[in-house]
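So you know, we letter chains A, B, ... as the sequences are listed, proteins then strands, and number each from 1.
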Amino acid sequence: MNLEEARRLLKPKAEKALAKPAPYGLDLSLSSFNLGTGFGTGVEGSEKILESVGIDLNERNRSGSYYQVDNKAVYSSTRQKGLTVKPLSQALKNPENLDYYWKALPVDTDKYTAAAFLGEKEGYFIKVDDGVNVDTPVQACLLLRTPGLIQAPHNIVVVGENSRLHVITGCAAMREEAGLHIGVSEFYVKKGGTLTFTMIHSWGKAIHVRPRTVAHVGENSVFISHYINTSQVSSLQTHPVAYLDGEGSRAYLSSIIIGRGASKIDVGGTLELDAPACSGEILSRTIGFDESTVIARARVTGKAPGVRGHVECRGLLLSNKSRIDAIPELEARVQDVQLTHEAAIGRIAEEELLYLVARGFTEEEARSIIVRGFLSVELTGLPENLAKYLEGILDSLASSL
Amino acid sequence: MLYLKGLVVELGGKTVIKGVDLQVNREELALLMGPNGSGKSTLLHAIVGDKRCRVVSGSLVFNGAELTSLTMEERVRLGLGLGFQFPPRLKGVRLRSLVLRILEKKGLSKDEAERVLEEYSRLLRLEGLLDKDFNVGFSGGEAKRAELMLTLLQNPLLLLLDEPDSGVDVENLALMGSAISRYLSSNGRAAILITHTGYIARHVKASEAHVMIDGRIVCSGDPEEMVSNIMEHGFEACVNCRRAKR
Ligand SMILES: Nc1ncnc2c1ncn2[C@@H]1O[C@H](COP(=O)(O)OP(=O)(O)O)[C@@H](O)[C@H]1O
Ligand SMILES: [Mg+2]
């Protein structure tokens, strides 16, 4: 089978799904956007915003890079044997890689995946061969530059058996004008492998964001995802799903969501604990400012004996006009599963503020200490460098509020 | 240092402090005792400017400045430091980072702050707690020691300690007592120390003791004599005591 044949088989399904709304989030009319390549040429001039989403154009402490502007790959590099980082279009010339092509995520999931498939141009392909540890992160940046565009990268990450990989993806918009980002990501973590995937978003107030992510996590392997959205968006809806198909596999999804302006945000995550002795945790911290509305969903399904899952959703309302909903869901399909959840939404406690002011802080400093405390999620699994960088982002986020 | 005259304070729509006169001079340590609910905490909170404790009448003068119209921020800057009876838990805020921020705010460099942190956490046996969230899962005694450390590190001129000894074991009482004494021996400091049990009185040198009942100071005098009387007879005796002012 080659790419053309594979696409021919998928096409009718995608076409049928073009009007199929997503179960969550604001329903967008795709006809308001266009699916061209865009005018983007390079990342020059975007150093600052890229730095704010974890991308270092000097590639210090990076074992590979991929930069995409609009729907065009503008740069990729690899610095380690056994590690592949290249544009999807190139990777798919190798028919072996079709094993990962729209295999985790059905093209007819919703209108966004359908549109992404039909207009598919580019994305990143990152693969680590069996038995290779890539301890320095690979970075991928997706920049949206052209107004009115649908940016729809299709990303594939494959971690071979007993291998390890850290990926940091930074996504940002360079303009204020409207746009739609549909990032399609398929992750495959094979037996004994570990993938940590960190994603930082900094969009604009007219941008709609619809990432679509599915991960397959094999026997005794680990999938860790940390997501941070710091900026105002028009709307954002995403709900990554991890299938823990292999015995003894583990997953941890953390997200930090800041709702600003009139952002309409619906962020969730699902862990399907399908094999015996799997375990997973979903953790979210949401902050509501201004008139933002944020829905935080988390769902854990236990389908095999001996699985353990935990959900923790916390929300902090910093505005009277903002709204946060936390929707944790647990579903046990067999006996002998242990699923737990906690959810809490509140405001900054007056007593904590008062206490910190008594300790010598200004009210603003006190607020930022409390907010920073609220945002402290365990940044498990990350190399020290990256963990420190993220802590720094959260520090400056808390002090800027 | 601190001079209260006819102080009346309302809390939650109720008059809690019903006319208090009190003076604490430099290098003095005043003990404040009294039954639960008599208004001791409210008095300290009113002094430090807790908005909930509304001064209805009377005056509150600290080093020549009338405090009544000043915010808590301003009062803390003038040198008031309150160690809370019930400090909150702060999730996600490690004890270490809180201490370092307090010290950096005081103008210490990072290295100096680290050094002071090390010294004080050793002194008060808090090393094992530095990387825990503030007061989350601390035992009663640990929370009291942590609170004392933070209050001392603020370096206030007037130390207001609200029951630092409740729930603290004997060995740690001595530790805390010596930390307080050492602090007060540095020039010009003063303290008001609320003690419900009187235990800490054995480990600090108080200059005077006061008993508060139902929002009034009913008795003031020699700390040793008063503490031992109270420990023997309880506060019931104070209510009817002939030395009572009113
Ligand atoms: N936040 C509050 N709101 C209303 N009343 C309070 C509050 N805190 C304490 N009180 C009341 O004020 C009185 C004095 O309390 P407090 O100063 O804590 O006493 P003490 O410290 O001597 O035990 C009590 O009657 C108590 O119930
Ligand atoms: Mg009290």
Task: Closest-packed option against chain A by number of heavy-atom pairs under 4.5 Å, given B:Arg75, B:Arg77, B:Arg101 - done: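 Of the options given, most contacts go to B:Arg101.
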Would you indicate whether [X], at its atom [atom1], is surrounded by more than 12 heavy atoms from other residues, nucleotides or ligands within a distance under 6.0 Å?
X	atom1	value
A:Glu51	CD	no
B:Tyr199	OH	no
B:Glu27	CD	yes
A:Arg347	CZ	yes
A:Glu350	CD	no
A:Arg308	CZ	no
A:Arg297	CZ	yes
B:Glu118	CD	no

Under 4.5 Å heavy-atom distance to chain A, tell me which part of [X] shows up: side chain, backbone, both or neither.
X	value
B:Thr151	both
B:Leu90	side chain
B:Glu73	both
B:Val76	side chain

[X] to [Y] - nearest heavy-atom pair and separation:
X	Y	value
B:Ile102	A:Arg359	CD1-CD, 3.9 Å
A:Ser376	B:Gly92	OG-O, 3.1 Å
B:Met72	A:Ala358	SD-N, 3.6 Å
A:Glu351	B:Arg52	CG-NH1, 3.8 Å

Open item on the list: Salt bridge check, A:Glu365 against B:Lys105: does any charged N sit closer than 4.0 Å to a carboxylate O?
Closed with: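 Here B:Lys105 pairs with A:Glu365 in a salt bridge, since their nearest N and O are under 4.0 Å apart.
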Mind checking whether [X] and [Y] have side chains closer than 4.5 Å, heavy atoms only?
X	Y	value
A:Ile369	B:Val93	yes
B:Lys51	A:Leu354	no
A:Tyr355	B:Phe134	yes

Open item on the list: Under 4.5 Å from any heavy atom of chain B, what part of A:Arg285 do you find: side chain, backbone, both or neither?
Closed with: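 When you check distances to chain B, no heavy atom of A:Arg285 falls under 4.5 Å.
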Open item on the list: Can you tell me which portion of A:Leu356 sits under 4.5 Å from chain B's heavy atoms? Options are side chain, backbone, both or neither.
Closed with: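 Just its side chain gets close to chain B.
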